[in-house]
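Computed from heavy atoms alone, side chains included, the values below leave out hydrogens, waters and symmetry copies.
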Amino acid sequence: MANVLSEAGSASLEQRQQAITEWLRAALAAGIVTATFPADGSLEERLGWARGQGLEIGMVLSRFSSKLGHSTSAQIIECVQGAASRRIFVPAEYLCVDEGITGRKSRRDGLERAKAILQSKLVGVILVYKVSRLFRVGYKGFGFVQEEVVDEGLRAISVSQGIDTRDEKTWKMLMYLHGLSDEMLLATIADHVRSGQKLVFQQGFT
């Protein structure tokens, strides 16, 4: 477990504290009794409390690129709120983060940490804000979910897109559609950026 929970790819202290606060707030709204939550307890104590409440154990993977909006903190908040509404507990130790890193890269600290947690079966669910936060290219994100999650008997959720692999009839179609639309959006943005750069250069700026 020490290797799985290494600091590489983990959330900052501020992000962890914010995640706990937002999860507890959303959990209360979802009807989960939080009065006995051991906020200052060890990871094992908090996991034991969650299981005693009948909650699933989950993790969050966030990737923030400087080219796209929605910061790490914003993604984490959306994910832990979505987790609470689905009766999933996300310990702060299971927040995996890649900041300022392109989704084209397959070897990223946050992603590697997430894979290690999944492979160790420490959680039953992985949550992301959007499937494009896994990889920039849609087919890679689909392959990750199929091979690293579904084939291992685990669950994946994209909170902003309503994708949940528990729904076996729809998740593949939804992931394909969102992956395609995300790639088309990125291609369109890139065309506008290149056009703008040419105009600026023609006006004498660099």
Q | Exercise: identify the closest heavy-atom pair between Gly41 and Arg46 | A | O-NE, 3.1 Å
(Q) Measuring from atom CD1 of Ile32 to atom CD1 of Ile88, what distance do you get when rounded to the nearest 0.5 angstrom? (A) 9.5 Å
Q) Has Asp40 got more than 12 heavy atoms of other residues, nucleotides or ligands less than 6.0 Å from its CG? A) no
**Q.** Distance (rounded to the nearest 0.5 Å) between Ile157 CD1 and Leu127 CG
**A.** 4.5 Å
Q | For the student: nearest non-hydrogen atoms of Val60 and Cys79, plus distance | A | CG2-CB, 3.6 Å
**Q.** Point-to-point distance, once rounded to the nearest 0.5 Å, from CE of Met173 to OG1 of Thr170
**A.** 6.0 Å
(Q) What I'd like to find out is whether the side chain of Tyr129 reaches to under 4.5 Å of the side chain of Leu61, using heavy atoms alone. (A) no
Show me the side-chain donor-acceptor pairs of residues 49-57 shorter than 3.5 Å, one per line, residues at least two apart or across chains.
from: Trp49; atom 1: NE1; to: Thr36; atom 2: OG1; distance (Å): 3.0
from: Glu56; atom 1: OE1; to: Arg166; atom 2: NH2; distance (Å): 3.3
from: Glu56; atom 1: OE2; to: Arg155; atom 2: NH1; distance (Å): 2.7
from: Glu56; atom 1: OE2; to: Arg166; atom 2: NH2; distance (Å): 3.2

Q: Inspect the contact between Glu93 and Arg16 and indicate whether a charged nitrogen and a carboxylate oxygen are less than 4.0 angstrom apart.
A: no
(Q) If hydrophobic clusters are built from ILVMFWY residues whose side chains come within less than 4.5 Å, do Leu24 and Leu28 share one? (A) no
Q) Does Ile77 belong to the same Ile/Leu/Val/Met/Phe/Trp/Tyr cluster as Val128, with side-chain heavy atoms less than 4.5 Å apart forming each link? A) no
**Q.** Sub-4.5 Å side-chain heavy-atom contact between Gln161 and Val131
**A.** yes
(Q) For a 4.5 angstrom cut-off between non-hydrogen side-chain atoms, does Gln119 reach Glu152? (A) no
**Q.** Flag for Glu7-Ser10: side-chain donor and acceptor within less than 3.5 Å
**A.** yes
Q) Do Thr165 side-chain atoms and Ala156 backbone N/O form a donor-acceptor pair below 3.5 Å? A) yes
Q. What are the two closest heavy atoms between Gly110 and Cys96, and how far apart are they?
A. O-CB, 3.5 Å
Q) Is the closest side-chain heavy-atom distance between Val150 and Phe144 below 4.5 Å? A) no
Q | Shortest non-hydrogen contact from Ala19 toward Leu95 | A | CB-CD1, 3.7 Å
Q.
Are the side chains of Arg108 and Glu112 in contact, using a 4.5 Å heavy-atom criterion?
A. no
Q: Take the angle between the ring planes of Phe89 and Phe37 and call it parallel below 30°, perpendicular above 60°, tilted in between.
A: perpendicular
Q) Under 4.5 Å between any side-chain heavy atoms of Glu22 and Ile76, yes or no? A) no
Q | Sub-4.5 Å side-chain heavy-atom contact between Asp151 and Gln146 | A | yes
Q | Whether Asp98 side chain and Gly9 backbone form a donor-acceptor pair below 3.5 Å | A | no
**Q.** Backbone N/O of Ile117 and side chain of Ser120: donor-acceptor pair under 3.5 Å
**A.** no
(Q) Between Leu154 and Val125, is there a side-chain heavy-atom distance shorter than 4.5 Å? (A) no
Q. Distance from Glu78 atom CD to Ser160 atom OG, nearest 0.5 Å?
A. 7.5 Å
(Q) Ring centroids only, cut at 6.0 angstrom: are Phe142 and Trp171 within range, meaning strictly under it? (A) yes
Q) From Ile20 CD1 over to Gln17 CD, what is the distance, rounded to the nearest 0.5 angstrom? A) 7.0 Å
Q. Do the side chains of Trp23 and Leu43 join up, straight or via other hydrophobic residues, at under 4.5 Å, putting them in one cluster?
A. yes
Q) What closest approach, in Å, do Ala84 and Ala27 show between heavy atoms, and which atom pair accounts for it? A) CB-N, 3.5 Å
Q) Who pairs with Gln15 by side-chain hydrogen bond (donor to acceptor under 3.5 Å, both in side chains), at least two apart in sequence or on another chain? A) Ser12, Glu99
Q: Would you name the heavy atoms of Leu47 and Pro91 that are closest together and state the gap between them?
A: CD2-CG, 3.7 Å
Q: Output the distance between atom CG (Asp164) and atom CE (Met175), rounded to the nearest 0.5 Å.
A: 10.0 Å
